[in-house]
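For reference, the structure discussed in these notes is given below.
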Amino acid sequence: MAKTVVSDLDLNGKKVLMRVDFNVPVKDGVVGDTSRIVGAIPTIKYVIEHGGKAVLFSHLGRIKSEDDKEALSLRPVAEKLSELINKPVTFVPETEGKKLEDAVNNMNDGDIVLVQNTRYEDVVDGENVKRESKNDPKLGQYWASLGDCFVNDAFGTAHREHASNVGIARAMEANNKPVAAGFLIEKEIKFIGGAVNDPKRPFVAILGGAKVSDKIGVIDNLLGKADKIIIGGGMTYTFYAAKGYSIGNSLVEKDKIDTAKEILQKGGDKIVLPIDSVVAPEFKNDAPTEIVTDNIPDGQMALDIGPKSIKLFEDVLRDAKTVVWNGPMGVFEMSNFSKGTLAIGKFLGELKDATTVVGGGDSTAAVNQLGVADKLSHVSTGGGASLEYMEGKTLPGIAAITDK
């Protein structure tokens with residue numbers, strides 16, 4: 001997918017509107033995980049080092065009432081960005097109006113402005129109108145009027161059609177102003193798109209998580225592309241039920257058992273399921289555990305893959321040249337049931353001569369916890385967006401970027 005990239009633009013003296021993903025944890029005015037802010041810095045730096053004026057837009061959380069606004073201000077994020085980029089960042093506490101317009105018009109080349117949380121526009125005068133999240137065209141046109149070009153670098157919202165991504169892009173194009181991808185989105189297109197659509201083989205997909213329903217589209221798309229699809233996590237037991245195994249009290253989507261049967265029939269030996277499980281009588285970290293093969297006993301629930309499954313999955317992955325991984329192998333948030341997920345992350349970090357792409361919150365947390373993120377080809381910044389991209393869906397935020 002050949003899209004215009006920020007490095008294709010003449011930025012000197014231009015007001016460069018940028019959609020970034022600063023949807024980060026903020027508690028009592030303190031930013032927790034800064035990885036999304038850090039991820040946007042290369043594009044921001046490129047803009048300001050090439051004489052552009054960077055006007056940044058981002059959402060933070062969900063705003064359903066006026067009361068939500070105070071806790072979801074982007075002011076702490078502006079302060080953290082300033083610290084990380086070692087440069088002043090002007091924070092504008094409004095999303096439209098004279099204060100914002102003056103701040104943008106008074107910028108010098110190389111300056112950075114961060115606009116207040118775009119989702120403040122979802123609640124206007126106490127009414128939940130969703131101007132931002134329902135892509136009010138007038139809002140997109142207003143924001144677009146502030147700048148000379150638009151750079152979208154927020155992959156985490158690329159599967160959403162919001163005023164601050166698609167709205168600005170459409171208004172820019174209508175006025176013959178350029179719309180480009182930032183380096184983060186360029187990387188996501190290269191690695192996820194490349195892995196799924198033009199993989200070096202063998203190509204192995206690892207899909208975990210709780211629900212088959214969340215991953216049906218991905219499995220369906222990958223059945224025709226991958227050499228093997230490893231399935232783990234809670235959705236395993238819907239497949240177990242489809243195979244006629246007893247599953248005890250394990251998680252199951254009864255209405256998806258027939259779908260799982262169809263996938264197994266269609267996929268044949270491409271589908272690799274766990275062969276043993278760590279089970280416990282209750283959903284607690286300190287519950288007594290045992291390892292069982294195939295059938296889950298009555299009164300027990302499977303909460304992680306077992307050691308034989310880890311070895312089986314490693315054997316499948318050993319010769320892989322392309323791997324995409326989305327979703328945990330067990331209840332990753334409980335330390336006693338995180339071993340399967342961590343083992344897969346560690347093994348991926350040790351794979352040689354392979355393109356390894358990881359997406360999704362728990363998978364990303366696992367590789368970060370292990371310190372192997374820098375040994376992987378790419379760790380995606382967007383869980384939902386990366387899943388939809390792996391499904392082969394068109395992402396509105398990417399589609400709105402100008403083709404080369």
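The chain is numbered in sequence order, starting from 1.
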Which residues pass the side chain to side chain contact (heavy atoms under 4.5 Å, CB included) test with K266, sequence neighbours left out?
D220, L223
Using 0.5 Å steps for rounding, measure from the CG atom of N128 to the CD1 atom of I63.
10.0 Å
Using a strict threshold of under 4.0 Å (side-chain N to carboxylate O), is an ion pair present between E314 and K311?
no
Look at the side chain of D304 and the backbone N and O of V278, then say whether any donor-acceptor pair between them is shorter than 3.5 Å.
no
For the residue pair V367 and L348, establish whether any side-chain heavy-atom pair is separated by less than 4.5 Å.
no
Which atoms form the tightest heavy-atom contact between S73 and P76, and what is the distance?
O-CD, 3.3 Å
Flag the pair L273 / L264 as yes when at least one side-chain heavy-atom distance between them is below 4.5 Å, and no otherwise.
yes
So how far is it from Y237 OH to L303 CG, rounded to the nearest 0.5 Å?
8.0 Å
Does E186 pair with K190 as a salt bridge, N-O distance under 4.0 Å?
no
Sidechain-backbone polar pair: S82 side chain, K87 backbone, donor-acceptor under 3.5 Å
yes
Side chain N117, main chain L72, donor-acceptor under 3.5 Å:
yes
At what distance, to the nearest 0.5 angstrom, does OG1 of T322 lie from CZ of R201?
8.0 Å
Determine the minimum heavy-atom distance between L74 and Q116, stating which atoms define it.
N-OE1, 2.9 Å
Less than 3.5 Å apart, any donor N or O on the side chain of S65 or D67 sitting next to an acceptor on the other?
no
Do M390 and I192 have side-chain heavy atoms sitting under 4.5 Å apart?
yes
Neighbour count >12 (heavy atoms, 6.0 Å) for atom NZ, K177:
yes
So, taking the atom named OH in Y120 and the one named CG in L60, what distance separates them when rounded to the nearest 0.5 Å?
8.5 Å
Hey, does L81 have a side-chain heavy atom less than 4.5 Å from the side chain of I41?
yes
Take E350 and K346 through the salt bridge (charged side-chain N to carboxylate O under 4.0 Å, His left out) test and state the conclusion after the steps.
CA-CA 7 Å; E350 293 164 359; K346 184 170 184 287; 3.1 Å; yes
Should the pair K69-E66 be classified as a salt bridge under the 4.0 Å nitrogen-to-oxygen rule?
yes
Tell me whether R131 is salt-bridged to E96, with the criterion being a basic N under 4.0 Å from an acidic carboxylate O.
yes
Using side chain to side chain contact (heavy atoms under 4.5 Å, CB included) as the criterion, point out the one residue from L11, D148, V16, L9 that pairs with P178.
L9
Given the rule in the side chain to side chain contact (heavy atoms under 4.5 Å, CB included) test, do N152 and V179 qualify, once you have shown the distances and angles that lead to the verdict?
CA-CA 8 Å; N152 189 357; V179 177; 5.8 Å; no
Side-chain contact test, heavy atoms from C-beta onward, threshold under 4.5 Å: evaluate it for S58 versus V77 and give yes or no.
no
Would you indicate whether D255, at its atom CG, is surrounded by more than 12 heavy atoms from other residues, nucleotides or ligands within a distance under 6.0 Å?
yes
Would you find a donor on one side and an acceptor on the other, under 3.5 Å apart, between the side chain of T4 and the backbone of T402?
yes
Could you walk me through whether I44 and I85 pass the side chain to side chain contact (heavy atoms under 4.5 Å, CB included) test, one step at a time?
CA-CA 9 Å; I44 297 168; I85 206 167; 3.7 Å; yes
With distance as the sole test, does D227 use its side chain to make a donor-acceptor pair with the main-chain N or O of F203 at under 3.5 Å?
yes
Do we see a donor-acceptor contact under 3.5 Å between the side chains of E101 and Y142?
yes
Pair S386, E188: side-chain N/O donor-acceptor within cut-off below 3.5 Å
no
Side chains of N285 and S335: is there a donor and an acceptor less than 3.5 Å apart?
yes
Restricting to non-hydrogen atoms, name the atom on G156 and the atom on D21 that form the minimum distance, rounded to 0.1 Å.
CA-OD2, 3.6 Å
Counting only heavy atoms not in K321, do more than 12 fall under 6.0 Å of its NZ?
yes
Please determine whether a side-chain nitrogen of the Lys or Arg among R160 and E132 lies less than 4.0 Å from a carboxylate oxygen of the Asp or Glu.
no
Distance col, row E282:CD vs D286:CG, nearest 0.5 angstrom, shows 7.5 Å
Rounding to 0.5 Å, atoms CD1 (I401) and CZ (F150) come to a distance of 8.0 Å
With side chain to side chain contact (heavy atoms under 4.5 Å, CB included) as the criterion, how do F347 and I310 come out once you've worked through the C-alpha distance, each side chain's angles and the decisive distance to 0.1 Å?
CA-CA 10 Å; F347 193 81; I310 291 170; over 6 Å; no
Verify whether one side chain among S309 and D276 offers a donor that lies under 3.5 Å from an acceptor in the other.
yes
Is it the case that the side chain of K228 and the backbone of D269 share a donor-acceptor pair, with hydrogens and angles ignored and the cut-off at 3.5 Å?
yes
Tell me whether D403 is salt-bridged to K3, with the criterion being a basic N under 4.0 Å from an acidic carboxylate O.
yes
For I230, run the side chain to side chain contact (heavy atoms under 4.5 Å, CB included) check against V323, I344, L317 and tell me which one passes.
L317
Under 4.5 Å between any side-chain heavy atoms of Q300 and E290, yes or no?
yes
Going by heavy atoms in the side chains, are R19 and I168 under 4.5 Å from each other?
no
Run the side chain to side chain contact (heavy atoms under 4.5 Å, CB included) check on F22 and K80 step by step: do they pass?
CA-CA 11 Å; F22 288 168; K80 181 55 71 174; over 6 Å; no
Distance-only, no hydrogens or angles: does the W325 side chain make a donor-acceptor pair with backbone N or O of G327 under 3.5 Å?
yes
Minimum heavy-atom separation for D68 to R62, with atom names?
OD2-O, 4.0 Å
K225, NZ: over 12 other non-hydrogen atoms inside 6.0 angstrom:
yes
Between T236 and P274, the two heavy atoms sitting closest are CG2-CD, 3.5 Å
Is there a donor-acceptor pair closer than 3.5 Å between any side-chain N or O of Y389 and the backbone N or O of G193?
no
Could you check whether any side-chain heavy atom of K99 comes within less than 4.5 Å of a side-chain heavy atom of P93, counting everything from C-beta outward?
yes
Under 3.5 Å donor-acceptor, K187 side chain and H378 backbone:
no
Between I305 and G340, which heavy-atom pair has the shortest distance, and what is it?
CG1-CA, 3.7 Å
E253 side chain to S213 main-chain N or O, any donor-acceptor pair under 3.5 Å?
yes
